[in-house]
Enquirer: 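Encoded as structure tokens, here's the structure I'll be asking about.
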Amino acid sequence: MEASSLQNTSGSAPAEQAGSRKPFFSWYDLGLLLVLAVAAYLRFVGLNWDEFTHLHPDERFLTLVETSLRLPASLREYFDTANSPLNPYNAGHGFFVYGTLPIFLVRVLAEWLGKIGYDEVHLVGRGVSASFDLISLLVLYLIGCRLYRRRVALLATAFAAFSVLLIQHAHFFVVDSFANTFILLGFYFAVRIWQQGRMLDYALFGLALGMAAASKINAVPLAGVAALAAAARFFEAPEEMRRDRLVRGLRGLALAAALSFLAFRVFQPYAFVGTSFFDIRLNPKWISNMMEIRNQASGRVDFPPALQWANRLPVLHALGNMVLWGLGIPLGLTAWLSWGWALAMMIRRKIWRPHLLPVAWTGAYFLWQSVGFTPAMRYQLPVYPILALLAAWGIWQAWDWAGERREGVRPALRGAVAVFGAAVLVGTAMWAFAFVNI
């Protein structure tokens with residue numbers, strides 16, 4: 001009885017529903033399809049927003065890179081760093097700090113479509129970026145179903161579908177939407193590690209992490225989520241099972257680390273030198289580029305685009321931009337209040353499931369990116385979907401709380417929660433549609 005109470009209080013699915021037979025198609029499935037349809041419209045409408053003027057500087061650079069690359073003739077040539085025609089360093093781009101997995105995917109698709117020209121390939125890249133962001137919404141729904149209930153998952157998907165910063169970057173041929181999708185996949189498998197602890201989940205997490213890092217190196221901290229999931233699984237086990245879970249967890253993490261390195265080696269091949277897949281020496285040029293971009297972002301060098309970040313308040317600048325612009329005030333405030341509510345439940349009531357991974361990932365990653373010299377809005381993209389999930393949980397948790405009050409005030413409280421939730425959803429949707437009509 002106590003365990004069931006803990007689950008209901010935390011907003012997760014009741015234990016008695018876990019093994020129940022579900023219909024083949026439900027209203028939740030219909031709602032998800034509708035949300036994804038609206039999300040697809042918001043992400044694909046106006047992809048040629050700058051009418052071939054190439055206004056986005058990062059995207060313009062990646063477009064130039066794509067037009068200068070060629071597909072290798074063989075796998076051997078692909079891994080030959082010094083000679084591969086797919087290596088940006090060999091195509092006249094001596095400073096390249098982006099993940100190569102998105103570049104490779106877009107180049108292969110553009111080749112297949114016959115759209116490799118300067119005024120063509122960036123549109124292919126924008127379409128792929130929008131597609132990946134759409135996939136990330138589906139992954140978020142699966143995460144929500146795993147951690148909470150389907151009603152929470154559906155509302156979270158709707159919130160993320162209407163999040164303006166996600167919509168904006170889905171219109172750009174940059175690496176962020178690609179990285180976000182792989183990060184969410186990794187987060188999903190980390191949740192499965194906590195719940196089931198299967199080697200397959202460790203393996204799939206490792207592959208997702210490697211592909212996320214091969215899209216954007218800032219995804220590497222995702223490794224901590226798997227470690228946290230394994231630790232949580234260990235500490236919640238009965239005493240007699242802990243030794244087995246410790247051994248299994250260490251083996252799983254070692255497998256995840258090996259496969260993440262393998263995926264990074266395959267999809268970011270020019271971070272290494274040599275002519276063979278088996279040569280795993282790091283490329284000095286890649287390391288030098290990473291150090292240079294780190295110095296630029298930290299303000300240690302005089303880099304004109306970074307001057308805008310001088311004298312920005314740590315944490316508050318990033319938080320303000322996220323609430324006012326990236327999420328919008330209704331969703332932004334709801335998300336962070338829900339994050340605080342979940343944290344309070346973990347600390348005061350010792351309810352760790354299901355909040356530990358969402359709260360830890362969001363808080364740690366946001367803090368890391370908001371205290372640096374360059375608190376750019378796009379650096380916070382990896383926490384946007386999980387914040388949407390927490391916002392959805394907070395609203396439904398308030399609904400359940402209102403339902404537990406005494407009969408005289410219950411209808412009024414539930415009515416207030418319903419109005420509030422509808423206002424957050426409608427306000428966020430209006431923010432999204434206003435944005436795409438600029």
Enquirer: I need the minimum non-hydrogen distance between S338 and A391, along with the two atoms involved.
Expert: OG-CA, 3.7 Å

Enquirer: Determine whether F44 and R126 make a side-chain contact, defined as any pair of heavy atoms from C-beta on separated by less than 4.5 Å.
Expert: no

Enquirer: Indicate yes or no: at least one non-hydrogen side-chain atom of F159 is less than 4.5 angstrom from one of Y384.
Expert: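 Side-chain contact under 4.5 Å: no.
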
Enquirer: Which atom pair, heavy atoms only, marks the closest approach of V175 to G99?
Expert: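 V175 and G99 have their closest heavy atoms at CG1-O, 4.1 Å.
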
Enquirer: Would you mind listing every ring-ring contact (aromatic ring centres under 6.0 Å, His included) that reaches into residues 229-263, with sequence neighbours excluded?
Expert: F261-F272

Enquirer: Would you sort out whether R265 and D279 count as a salt bridge (charged side-chain N to carboxylate O under 4.0 Å, His left out), showing the intermediate values?
Expert: CA-CA 10 Å; R265 178 69 183 94; D279 194 338; over 6 Å; no

Enquirer: Under 3.5 Å, is there a donor-acceptor pair between the S26 and D29 side chains?
Expert: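 There is such a pair between these side chains.
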
Enquirer: Below 4.5 Å, heavy atoms only, C-beta onward: do E66 and F173 meet side chain to side chain?
Expert: yes

Enquirer: Do F79 and Y270 come close enough that some side-chain heavy atom pair is under 4.5 Å?
Expert: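 SC-SC contact between F79 and Y270 ruled out.
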
Enquirer: Is any side-chain heavy atom of F435 less than 4.5 Å from a side-chain heavy atom of W325?
Expert: no

Enquirer: Check the pair F95 / E292 against side-chain contact (heavy atoms from CB on, under 4.5 Å), numbers first and verdict last.
Expert: CA-CA 9 Å; F95 185 71; E292 185 173 348; 3.6 Å; yes

Enquirer: Are W339 and F366 close enough that their ring centers fall under 6.0 Å?
Expert: no

Enquirer: Let's go through W49 and F172 carefully: what are the C-alpha distance in whole Å and the side-chain angles of both, what is the deciding distance for ring pair (Phe, Tyr, Trp, His ring centres under 6.0 Å) to 0.1 Å, and is it a yes or a no?
Expert: CA-CA 10 Å; W49 51 271; F172 297 157; 5.5 Å; yes

Enquirer: Does the side chain of L32 reach to within under 4.5 Å of the side chain of L36, using non-hydrogen atoms?
Expert: yes

Enquirer: In sequence, state the C-alpha distance, the side-chain angles, and the governing distance for E111 and V108, and then conclude on side-chain contact (heavy atoms from CB on, under 4.5 Å).
Expert: CA-CA 5 Å; E111 196 92 21; V108 169; 5.7 Å; no

Enquirer: Using the salt bridge (Lys or Arg N to Asp or Glu O under 4.0 Å) criterion, which residues pair with R348? Sequence neighbours excluded.
Expert: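 Here no residue qualifies.
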
Enquirer: Please indicate whether R294 has more than 12 foreign heavy atoms, meaning atoms of other residues, nucleotides or ligands, lying under 6.0 Å from its CZ.
Expert: no

Enquirer: Going by the side-chain contact (heavy atoms from CB on, under 4.5 Å) test, name the single residue among V164, D176, N180 that passes it with H169.
Expert: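 Going through the options one by one, the only one that passes is D176.
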
Enquirer: Roughly how far, to the nearest 0.5 Å, is CE of M430 from CG of L425?
Expert: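 Interatomic distance, L425 CG to M430 CE, rounded to 0.5 Å: 12.0 Å.
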
Enquirer: Measuring only between side-chain heavy atoms, which start at C-beta, is T100 closer than 4.5 Å to F267?
Expert: no

Enquirer: Going by atom types only, do R192 and Y188 share a side-chain donor-acceptor pair under 3.5 Å?
Expert: yes

Enquirer: As a quick check of understanding, evaluate side-chain contact (heavy atoms from CB on, under 4.5 Å) for L200 and F189, giving each step before the final call.
Expert: CA-CA 9 Å; L200 178 61; F189 290 119; over 6 Å; no

Enquirer: What do the steps show when you test F96 against H93 for ring pair (Phe, Tyr, Trp, His ring centres under 6.0 Å), and what is the final call?
Expert: CA-CA 6 Å; F96 188 84; H93 306 287; 7.5 Å; no

Enquirer: I need the minimum non-hydrogen distance between L207 and L259, along with the two atoms involved.
Expert: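 For L207 versus L259, the nearest heavy atoms are CD2-O, 3.9 Å.
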
Enquirer: Measure the acute angle between the ring planes of W361 and Y365, then classify it against the limits of 30° and 60° as parallel, tilted or perpendicular.
Expert: tilted

Enquirer: Determine all donor-acceptor pairs shorter than 3.5 Å in which one atom belongs to a side chain in residues 131-138; sequence neighbours excluded.
Expert:
from, atom 1, to, atom 2, distance (Å)
S131, OG, G127, O, 2.9
D133, OD2, R43, NE, 2.5
D133, OD2, R43, NH2, 3.2
S136, OG, D133, O, 2.5

Enquirer: Any idea which heavy atoms bring G394 and W341 closest together, and the distance?
Expert: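 Between these two residues, the closest heavy atoms are O-CZ3, 3.4 Å.
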
Enquirer: Does NZ or CZ of K285 fall inside the cone over Y89's six-membered ring, less than 6.0 Å from its centre and within 45° of the axis?
Expert: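 Yes, cation above the ring, under 6.0 Å and within 45°.
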
Enquirer: How many angstroms lie between atom OG1 of T374 and atom CD of Q369, to the nearest 0.5 angstrom?
Expert: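 It comes to 9.5 Å.
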
Enquirer: Indicate the ring-plane relationship of F433 and F162, choosing parallel, tilted or perpendicular according to the 30° and 60° boundaries.
Expert: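 Because their plane-to-plane angle lies in the 30° to 60° range, the rings of F433 and F162 count as tilted.
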
Enquirer: Looking at every heavy atom in both L327 and S163, which two are closest together, and how far apart are they?
Expert: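 That closest heavy-atom pairing would be CD2-OG, 3.6 Å.
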
Enquirer: Grab the two heavy atoms, one from W286 and one from Q268, that are nearest each other, plus how far apart they are.
Expert: NE1-NE2, 3.7 Å

Enquirer: For a side-chain contact (heavy atoms from CB on, under 4.5 Å) check, start with the C-alpha distance between L30 and W27, then their side-chain angles and the critical distance, and finish with the verdict.
Expert: CA-CA 5 Å; L30 178 60; W27 289 107; 3.5 Å; yes

Enquirer: Just by distance, no angles: are the side chains of Y148 and H355 close enough, under 3.5 Å, to form a donor-acceptor pair?
Expert: yes

Enquirer: Are E236 and W194 close enough that a side-chain donor and a side-chain acceptor fall under 3.5 Å?
Expert: yes

Enquirer: Can you confirm whether I280 is buried at CD1, in the sense that more than 12 heavy atoms of other residues, nucleotides or ligands lie under 6.0 Å from that atom?
Expert: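 Not buried by this count: 12 neighbours or fewer within 6.0 Å.
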
